[in-house]
Amino acid sequence: MNKPKIVILGAGYGGLMTATRLQKSLGVNEAEITLINKNDYHYETTWLHEASAGTLHHDRARYKVETVIDRSKVKFVKGTVTGIDKENKVVNLVEGDYQYDFLVFALGAESETFGIKGLKEHAFSISNINSARQIREHIDYQFATYATEEEKREDRLTIVVGGAGFTGIEFLGELANRIPELCKEYDVDHNSVRVICVEAAPTALPGFDPELVDYAVNHLTSRGIEFKIGTAIKEATETGIIVGKDEDIEEIKAATVVWAAGVRGSSLIEAAGFEAMRGRVKVDSNLRAPGQDDVFIIGDSSLVINEEVNRPYPPTAQIAMQQGETCAKNLTVLVRGQGELEDFTPDLKGTVCSLGEHDAIGVVFGKKVTGSTASFMKKMVDNRALFMIGGPSLVLKKGKFNIL
Ligand code: FAD
Ligand code: NAD
């Protein structure tokens, strides 16, 4: 009898968690498992703000996929997915096609620009290793160029961060650490640098605990970050951004604009004809696409409703990894044709948001934490993700131990 073909798209948190759990639960003869990913490495999306600011080398935030998979059970294919043909159960790659019996879609998120003019052309986004490396290089280059300019371009060292959500705030925390180092390295007066965060909502970190939000904003302000709250980015141009507050429109000239104001699911979701909201499919309780018993969608391209507040859970690595575990259990049941499918219920431990290397804010198991305690917890969360996928050896290789 032919072995069922399981094809997993994406070696991020959700995809790798599914693959590493499946290689434990299924025997070699039970299924043919293929994991497809654009790169031969996994990157820690949750560390990209550090790589983007240059406070952590990008190589620290990635590892080879093959170091965590059992090649006798999982075949790894380095390839770029371009489409899904649901009727014929085929995945299209730039490199060729793959047939599946069961599909796991875990291709993560894309930057959401809400159709704002000029953003795609003139702003960076913190999305993957390539974009993080590009942001770091671009900022370094602005400092190096400023040092050589006879007539200094005033906005050369102005950095605008769009959005004070968790990504924006964590990136600002890293910039607050990195800027003094850059000033020293390139003999630049700190007063020549401006970092401005533009947030459309009436507060930074909308929806988060107000006391912790104040802590974060005060901490970052004391490190020289400027906030423009209740102000929306309307357009990005070659020379900076146009922002609006009420009726007032203003141009902020800046050589660097980083858009960190939201994400959507993969555009391949809509292209494949799945019903979706901003690229996210409202999956059933077993994590399958409605009406598609052979397609699981997990991570940032899935949408799970928090029944308590009747709103979607925010897309996080925490949820993507838990979904990977449930998805692997359910695939094992389907392959064996015995047992009960598991319903997915997120088990949220909390949220910790870093403010640079040694400070953070968070709510963990319902308790508020700040300062070095929160920062310690954030590093433990980062190490836990490594442990869950690659065990203690991966933590030793890639973990964060700079606790003090
Ligand atoms: P990802 O982990 O992003 O993986 C997607 C994979 O698919 C990648 O390997 C990618 O290369 C691959 N891929 C994409 N397109 C293709 C294609 N066409 N073909 C082949 N391969 C492809 N969440 C938390 O819970 N805690 C945090 O502290 C936290 N911090 C964050 C910090 C930052 C800066 C950012 C940007 C996000 C953070 N998040 C955090 C959110 C979290 O990173 C995401 O929710 C999580 O990465 C989603 O996991 P995923 O498996 O869906 O996708
Ligand atoms: P987000 O949607 O959480 O925040 C985006 C912010 O941008 C919002 O505050 C929004 O009001 C603002 N914004 C939107 N349009 C704007 C405009 N035109 N001008 C100015 N501001 C605008 O997005 P994110 O911060 O990228 O986070 C994405 C997901 O990743 C979330 O689910 C988040 O919880 C998760 N995440 C978690 C952590 C953590 O747990 N430490 C860190 C980073 C990201």
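Residues: numbered from 1 along the sequence shown. This one's a predicted model, so the numbers in the text were calculated from it and none came from an experiment.
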Donor-acceptor pair, side chain of [X] and main chain of [Y], under 3.5 angstrom:
X	Y	answer
T332	A328	yes
T231	I229	yes
E199	A201	yes
T373	V369	no
T45	S127	no
R223	L175	no
T203	P206	no
D85	N88	yes
D155	T158	no
E170	E174	no

### Task
Could you walk me through whether I269 and V281 pass side-chain contact (heavy atoms from CB on, under 4.5 Å), step by step?
CA-CA 8 Å; I269 285 282; V281 177; 3.5 Å; yes

Provide the closest heavy-atom pair for [X] versus [Y] in the form atom of the first, atom of the second, distance.
X	Y	answer
E251	I242	CG-CD1, 4.0 Å
L334	D293	CD1-O, 4.4 Å
A106	G15	CB-N, 3.6 Å
V217	A204	CG2-CB, 3.8 Å
V90	Q99	CG2-OE1, 3.6 Å
I233	G162	CD1-CA, 3.6 Å

Inter-residue atom distance [X].[atom1] - [Y].[atom2], 0.5 Å rounding:
X	Y	atom1	atom2	value
F227	L172	CZ	CG	5.5 Å
F274	R280	CZ	CZ	15.5 Å
D187	K184	CG	NZ	10.5 Å
M388	L394	CE	CG	12.5 Å
E325	L287	CD	CG	11.5 Å
C327	I297	SG	CD1	10.5 Å

Salt-bridge test for [X] and [Y]: reply yes if a basic N is under 4.0 Å from a carboxylate O, no otherwise.
X	Y	answer
E211	K368	yes
E181	R178	yes
E50	K400	yes
K152	E154	no
R71	E66	yes
R264	E270	yes
R194	E226	yes
E44	R62	no
E30	K3	no

Side-chain heavy-atom pair [X], [Y] within 4.5 angstrom cut-off:
X	Y	result
I84	F105	yes
F76	D40	yes
K367	V363	no
I129	Y41	yes
Q134	E137	no
L331	T18	yes
I135	F171	yes
L182	Y186	yes

### Task
Report the C-alpha separation of H138 and T256 in whole Å, then their side-chain angles, then the decisive distance to 0.1 Å, and conclude whether the side-chain hydrogen bond (donor to acceptor under 3.5 Å, both in side chains) test is met.
CA-CA 8 Å; H138 174 86; T256 309; 3.1 Å; yes

### Query
Does the pair L103 and V91 meet the rule for a side-chain contact (heavy atoms from CB on, under 4.5 Å), with working shown?
CA-CA 9 Å; L103 184 69; V91 177; 3.6 Å; yes

Take the angle between the ring planes of [X] and [Y] and call it parallel below 30°, perpendicular above 60°, tilted in between.
X	Y	result
H219	Y215	parallel
F114	W259	perpendicular
Y13	H42	perpendicular

Please indicate whether [X] has more than 12 foreign heavy atoms, meaning atoms of other residues, nucleotides or ligands, lying under 6.0 Å from its [atom1].
X	atom1	answer
E275	CD	no
R384	CZ	no
E121	CD	yes

### Query
Going through the distances and angles, do K120 and T113 end up as a side-chain contact (heavy atoms from CB on, under 4.5 Å)?
CA-CA 7 Å; K120 283 200 175 117; T113 54; 4.1 Å; yes

### Message
Tell me which one of K89, R288, K5, K86 satisfies salt bridge (charged side-chain N to carboxylate O under 4.0 Å, His left out) with D294.
### Response
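The salt bridge (charged side-chain N to carboxylate O under 4.0 Å, His left out) with D294 is passed solely by K89 among K89, R288, K5, K86.
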
### Message
Pair T370, L212 - check side-chain contact (heavy atoms from CB on, under 4.5 Å), show working.
### Response
CA-CA 8 Å; T370 56; L212 295 176; 3.5 Å; yes

### Query
Can the ring centres of Y43 and Y63 be said to be less than 6.0 Å apart?
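No, too far apart.
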
### Message
Here's a test for you: under side chain to side chain contact (heavy atoms under 4.5 Å, CB included), which of N39, N37, L93, V94 qualifies with T80?
### Response
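When side chain to side chain contact (heavy atoms under 4.5 Å, CB included) is applied between T80 and each of N39, N37, L93, V94, only V94 qualifies.
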
### Task
Determine, stepwise, if the pair K349 / D347 fulfils salt bridge (charged side-chain N to carboxylate O under 4.0 Å, His left out).
CA-CA 6 Å; K349 318 250 184 271; D347 172 20; 2.7 Å; yes

### Message
Would E112 and R278 count as a salt bridge (charged side-chain N to carboxylate O under 4.0 Å, His left out) here? Give the steps.
### Response
CA-CA 8 Å; E112 171 65 283; R278 289 167 60 193; 3.1 Å; yes

### Query
Of the options S301, S267, S125, which is the one that meets E110 in a side-chain hydrogen bond (donor to acceptor under 3.5 Å, both in side chains)?
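With E110 as partner, side-chain hydrogen bond (donor to acceptor under 3.5 Å, both in side chains) holds for just one option, S267.
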
